[in-house]
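Here the structure is laid out as structure tokens; the discussion comes afterwards.
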2 protein chains.
Amino acid sequence: MSRIPTVKTADKRRLEPKERELEIVRGAVAFFAEFGFDGSTRELAARLGITQPLLYRYFPSKEALLDRVYEEVYVNRWNKEWETQLRDRAVPLEDRLVRFYRGYAKVILNYEWVRLFMFAGLKGLDFNARYLAFLRSSAFDLIAREIRLEHGMPTDGPILNEEAELIWGLHAAIFYLGVRQFIYGMPVPDDLDADLALRVRAFLRGMPAAVGDLIHQEGAGQARRAG
Amino acid sequence: MSRIPTVKTADKRRLEPKERELEIVRGAVAFFAEFGFDGSTRELAARLGITQPLLYRYFPSKEALLDRVYEEVYVNRWNKEWETQLRDRAVPLEDRLVRFYRGYAKVILNYEWVRLFMFAGLKGLDFNARYLAFLRSSAFDLIAREIRLEHGMPTDGPILNEEAELIWGLHAAIFYLGVRQFIYGMPVPDDLDADLALRVRAFLRGMPAAVGDLIHQEGAGQARRAG
DNA sequence: TAATCTGTTTATCGAATGATAAAGGAGGTC
DNA sequence: GACCTCCTTTATCATTCGATAAACAGATTA
């Protein structure tokens, strides 16, 4: 019987605890991203080439392992420099936005990030809402103000819901690339950088114009008021 | 012990088969939309106020019930008139698009549609890809051609990937309203009609301009070519 | 080489799962 | 009112789940 390595690093057993733990976490990320939280610990262990009870030597429960999986995929992924770059008015706004979304897309548009995010939402965890509240306060408001500045509008007042919603729209369109690819199994544009540049350009052409229309019709004919 | 009705129509047992079947399907739609396909038949039965084996009197297996759930939520939901309306050039294009997306949003932006759609994708069913291929061939191409006409461009050639992608973007932004609301549990604009009008307006301001830039720079400086 | 430590496996438990068989019971028919 | 039809329940099975306890085995130390 020739040896059939179940894991890339072959069949060396008795690893250092830290090494084994890392291998489990890496495997768990890939495994739960594929099957969701209902994937069984036995099948995960089989994929790792270890026995199921060994998982419980390293994690007290399945839930503890899942917590670690989320930490691995989502914690410390936000690049603080993105905010600095978005504010750098020496660079044209369009270039700033393209650069930001290229960096951001590189972080979120992958199999594990997209699928685990959706699994978390469907399970009812508050993780998604908390993450997106952070995203909105960190990036959306900032982007809205830079766009206002670009169009000679006052930047101090609170951001309108409409402004935020259209930025949501750009974000959604980009994230949906990941949904299409990693959840629906559909093809996406092969040149992501060019695609992002196109989306940012269309956004910058349309969003300020639509918001401008909104403001000018305010008080006039069909006024809209938030409930 | 006062009677505690588990279902709206109270505790009348021994229903007509057709009536019971419909009650099961309705309950299954709500149940599996909430818990996914791994929701247990016992809990579903408990919600319906019946016993679990009774489900197997009406459906040979859990999978058969799930098939019926999908039929209930997704089949015959497409309105053929939408295509006719999109083509009606007596109406301004913006109005046509707003009208279409208002009707379409009414169909898809609900708890069951959004969540079951995502559960299906995560499970690896080809349902999502097939549905969206239909959507693209039914609506996206049509919309792209109407936009071309509006801007005095030839409508006969094949739709560019870039045109389709920006329409994907509008679609994604609208669908993402459902994701935010029914999967992430976040608030969405209270006035959906106004929100859709805003998104369509921003889209129509930005998309043709971005595509136009693309075409004019074609052959010139940074030509892009699909792999 | 014997003893010890500890990473790993084997064996197993109680609960929950989809599914089946048989008994019960409500409502109509003669 | 006895009988029959068939909708519904009770009882149960084999499997799979997360989790635990005990045995095993490789490596280090004396």
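It should be emphasised that the depicted structure is a prediction, and the values quoted were computed from it without experimental measurement. Letters A, B, ... are given to chains in the order of the sequence lines, protein chains preceding strands, and every chain is numbered from 1.
Side chain of B:Ser137 to main chain of B:Phe134: a donor-acceptor pair is present (N/O by atom type, distance under 3.5 Å, no hydrogens or angles).
Distance from the side chain of B:Arg42 is smallest for C:dG18 among the nucleotides D:dA11, C:dG18, C:dT8. The listed nucleotides are C:dA19, D:dT8, C:dT20; the one nearest the side chain of B:Leu54 is D:dT8. Here D:dT20 is the nucleotide among C:dG18, C:dG7, D:dT20 with the atom lying nearest to any side-chain atom of A:Pro53. Set against D:dG18, C:dT8, D:dC7, the side chain of B:Tyr58 has D:dC7 as its closest nucleotide.
A straight line from CZ of A:Phe59 to P of C:dT8 spans 13 Å, rounded to a whole angstrom. Look at CG on A:Asp38: it is 15 Å from C1' on C:dG18, rounded to the nearest Å. Spacing between atom CD of A:Glu16 and atom P of D:dT28 amounts to 9 Å, rounded to whole angstrom units. Note: NZ (A:Lys62) to C1' (D:dA19) measures 12 Å, nearest angstrom. As rounded to whole Å, 13 Å separates atom P of D:dA27 from atom CZ of A:Arg20. Rounded to whole Å, the distance from CG on A:Leu44 to P on D:dT16 is 18 Å. Here D:dC17 presents its P atom at 18 Å from CD of A:Glu63, a figure rounded to the nearest Å. Following rounding to the nearest Å, A:Arg57 (CZ) and D:dT20 (P) show an atom-to-atom distance of 14 Å.
Neither OP1 nor OP2 of C:dT8 sits under 4.0 Å from any side-chain N or O of A:Thr51. Between B:Thr41 and C:dG18 there is a side-chain polar atom (N or O) within less than 4.0 angstrom of OP1 or OP2. Taking side-chain N and O atoms only, A:Tyr56 has no distance below 4.0 Å to OP1 or OP2 of D:dA21.
Within the model, atoms CD1 of B:Ile174 and CD1 of B:Ile108 stand 7.5 Å from one another, a figure rounded to the nearest 0.5 Å.
Nucleic acid contact for B:Gln52: base, since at least one base atom lies under 4.0 Å from a heavy atom of the residue.
At a threshold of 4.0 Å, the pair A:Arg77-A:Glu72 does not count as salt-bridged, since none of the basic side-chain nitrogens sits closer than that to a carboxylate oxygen. The pair B:Glu21-B:Arg26 does not meet the salt-bridge criterion, since no charged nitrogen lies less than 4.0 angstrom from a carboxylate oxygen.
Between B:Trp168 and the options B:Phe175, B:Phe203, B:Phe140, a ring-ring contact (aromatic ring centres under 6.0 Å, His included) holds for only B:Phe140.
Taking the six-membered ring for Trp and thresholds of 30 and 60 degrees, B:Tyr184 and A:Phe117 have ring planes more than 60 degrees apart, a perpendicular arrangement. The aromatic rings of A:Tyr104 and A:Tyr101 sit perpendicular to each other, their planes meeting at more than 60°, with 30° as the lower class boundary.
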Using the 3.5 Å cut-off, write out each protein N or O paired with an N or O of nucleotides 26-28 of chain C and the distance between them.
{"unit_1": "C:dA26", "atom_1": "N3", "unit_2": "B:Arg14", "atom_2": "NH1", "d": "3.3"}
{"unit_1": "C:dA26", "atom_1": "N3", "unit_2": "B:Arg14", "atom_2": "NH2", "d": "3.3"}

